[in-house]
Amino acid sequence: MESTPLLVKALQRRVLDRPPVWLMRQAGRYMAEYRELKEKYSFLELCKSPELSCEVTMQPIRYLNPDAAILFADILLPLESMGLEVAFNPGPQIGNPIRDRSDIENLRPVDVEKSLGYVFDAVSAIRKELDASYANPERKALLGFAGAPWTMACYMLDQTPFKHFMGTQVFAARSKESIHLLLDTMTPMLIEYLSLQAQRGADAVQLFDTWAGNLSEEAYREFALPYTQRIVEALQAKDIPVVVYVNGSSHLLQAMIDSGACTISVDARTSLRRAHELGQGNVAVQGNFDPCDLFLPKDEVISKTQAMLDSMKGVNGYLVNLGHGILQTTPPEN
């Protein structure tokens, strides 16, 4: 029996009987089991305990039986090691955000393996659980992930008085050398972080550049794409498949394809077929069911899902997913 997970086969654009499916934010607040844990532990406690991270990761696997698990963690975990104060109340907050170049120069160098060892221990625990419980008939994939440098910068930089992470764009426009210094500082750390996730059992990784969709294509190519390309090139040289996700990416599809990633993940505003055609069959495509539509009556959820599947009929290299993460009060049965 071939041990390659269905999801990995799709990333390789093999001919398949059906596309694999997993859901962004498939572990979390829509599940009663998760909410029970959250009554006992803080979000960071869940992330920093390998046992709890494994449990939360596995909850939707037991309930939904998707083709892949994704590590339960948060993109901001590496920032603590760099000297930033990270809290969740309930959303992410940085207690000492970067305000100028001197703050960037004062960021601590990171011993990735030591400071983020709990993440890698969680990956090992999840891999062991998946292999013990879901080896047949087909091995489930495990996805690791990290935030892309631009999106990480959006959280690291002081946003006051701006909303929607416009503060990072203002900083980049005013201080190009400084923003490139920050992005350049993070890139090798993220390469090592993702490489170690793969070393401990992740079959592929997803690079979340959620807030890069705020950029024009010109700005994306200047501030985001070069660093994404460096990460993709380094990982794929180690045979680690990389999925690149950008929310609000309709205008960035060609640039995302130019990243060199084996797969681009697109949101509900983006045509799956257009993304596939732009990639000329050389890039797998993931997406793009609207998370809001999971609140519709069951028959409408089914018909919209079928329409999405029909739009990619005959395409090798398609991964069924949402266009963004599952929303908090989504009915689990949907």
Side-chain angles (χ1 to χ4, degrees), residues 3 5 7-8 22-82 84-93 110-136 138-147 152 155 189-190 192-208 240 243 325-326 328 330 332:
S3 62
L7 179 134
V8 174
W22 71 279
L23 305 176
M24 285 191 279
R25 211 184 289 139
Q26 72 184 9
R29 295 174 293 178
Y30 73 100
M31 295 197 71
E33 296 91 336
Y34 175 82
R35 294 195 298 272
E36 289 174 9
L37 283 177
K38 276 294 271 102
E39 290 178 3
K40 301 176 184 177
Y41 306 99
S42 70
F43 177 73
L44 280 175
E45 285 174 329
L46 292 177
C47 290
K48 291 185 176 184
S49 162
E51 295 78 17
L52 292 172
S53 173
C54 178
E55 170 59 24
V56 175
T57 299
M58 294 301 300
Q59 286 173 350
I61 305 303
R62 301 177 194 125
Y63 179 70
L64 298 171
N65 194 31
D67 294 299
I70 184 165
L71 165 70
F72 179 81
D74 191 85
I75 65 169
L76 300 189
L77 295 180
L79 300 188
E80 288 187 321
S81 307
M82 302 177 79
L84 295 176
E85 300 165 6
V86 179
F88 293 85
N89 296 309
Q93 297 177 349
V110 180
D111 182 333
V112 176
E113 190 162 13
K114 181 178 179 181
S115 62
L116 292 160
Y118 59 89
V119 174
F120 311 127
D121 289 345
V123 173
S124 295
I126 297 162
R127 176 80 275 160
K128 183 178 180 181
E129 178 75 15
L130 286 172
D131 289 347
S133 303
Y134 298 94
N136 295 303
E138 195 153 37
R139 180 171 166 264
K140 288 193 185 296
L142 172 56
L143 287 159
F145 73 91
M152 297 288 276
Y155 289 100
M189 181 269 289
L190 292 169
E192 184 178 2
Y193 182 49
L194 290 168
S195 297
L196 286 167
Q197 290 181 39
Q199 188 176 308
R200 296 292 287 270
D203 297 288
V205 297
Q206 179 152 312
L207 196 60
F208 284 90
I240 303 169
V243 181
I326 297 177
Q328 181 174 358
T330 299

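This structure is a prediction, so every number in the text was calculated from the model and none was measured.
Side-chain contact between I240 and L194: absent, with no pair of heavy atoms (C-beta onward) separated by less than 4.5 Å. Residues Y34 and P60 are not in side-chain contact: their nearest non-hydrogen atoms beyond the backbone lie 4.5 Å or more apart. In this structure, D203 and R127 have side chains that are in contact, with non-hydrogen atoms separated by less than 4.5 Å. A 4.5 Å side-chain heavy-atom check between V110 and Y193 finds every atom pair outside the cut-off. No side-chain heavy atom of M82 sits under 4.5 Å from any side-chain heavy atom of M152. When side chains are defined from C-beta on, L71 counts as touching S53, because their heavy atoms get closer than 4.5 Å. Taking the side chain as every heavy atom from C-beta outward, P78 and L116 approach each other to under 4.5 Å. Looking at heavy atoms from C-beta onward, Y155 lies out of side-chain contact with V86 at the 4.5 angstrom threshold.
Checked by atom type and distance alone, the side chain of Q59 never pairs as donor or acceptor with a backbone atom of A27 at under 3.5 Å. A donor-acceptor pair is defined here as one N or O able to donate and one able to accept, closer than 3.5 Å; no such pair exists between the side chain of Q197 and the backbone of V119.
Across all non-hydrogen atoms, the minimal contact from F208 to M24 is CE2-SD, 3.7 Å. When all heavy atoms are compared, the tightest approach of D121 to P50 is CB-CG, 3.7 Å. The shortest heavy-atom contact between A146 and I75 is C-CG2, 4.0 Å. S124 and R200 make their closest contact through OG-NE, 2.7 Å (heavy atoms, listed as atom of the first residue, atom of the second, distance). Nearest heavy atoms, P92 versus L76: CB-CD1, 3.4 Å. Shortest non-hydrogen contact noted between N89 and Q93 is ND2-OE1, 3.2 Å.
Remark: E129 does not engage K140 in a salt bridge, criterion side-chain N to carboxylate O under 4.0 Å.
Separating the CD atom in E113 from the OG atom in S195 is a distance of 11.5 Å, to the nearest 0.5 Å. Separating the CG atom in L7 from the CH2 atom in W22 is a distance of 8.5 Å, to the nearest 0.5 Å. Once rounded to the nearest 0.5 Å, the distance linking NZ of K38 with CD of E45 reads 9.0 Å. For the atom pair CD (E33) and CZ (R62), the distance works out to 8.5 Å, reported to the nearest 0.5 Å. A distance of 11.0 Å separates CZ of R29 from CD1 of I326, quoted to the nearest 0.5 Å.
For the pairing with L143, the side-chain contact (heavy atoms from CB on, under 4.5 Å) check across I70, T57, I126 returns one residue only, I70. Of the candidates L130, D131, V205, L130 is the only one forming a side-chain contact (heavy atoms from CB on, under 4.5 Å) with L142.
In this structure, R25 places its CZ atom where more than 12 heavy-atom neighbours from other residues, nucleotides or ligands lie under 6.0 Å away.
Between F72 and F43, the ring center distance clears the sub-6.0 Å criterion.
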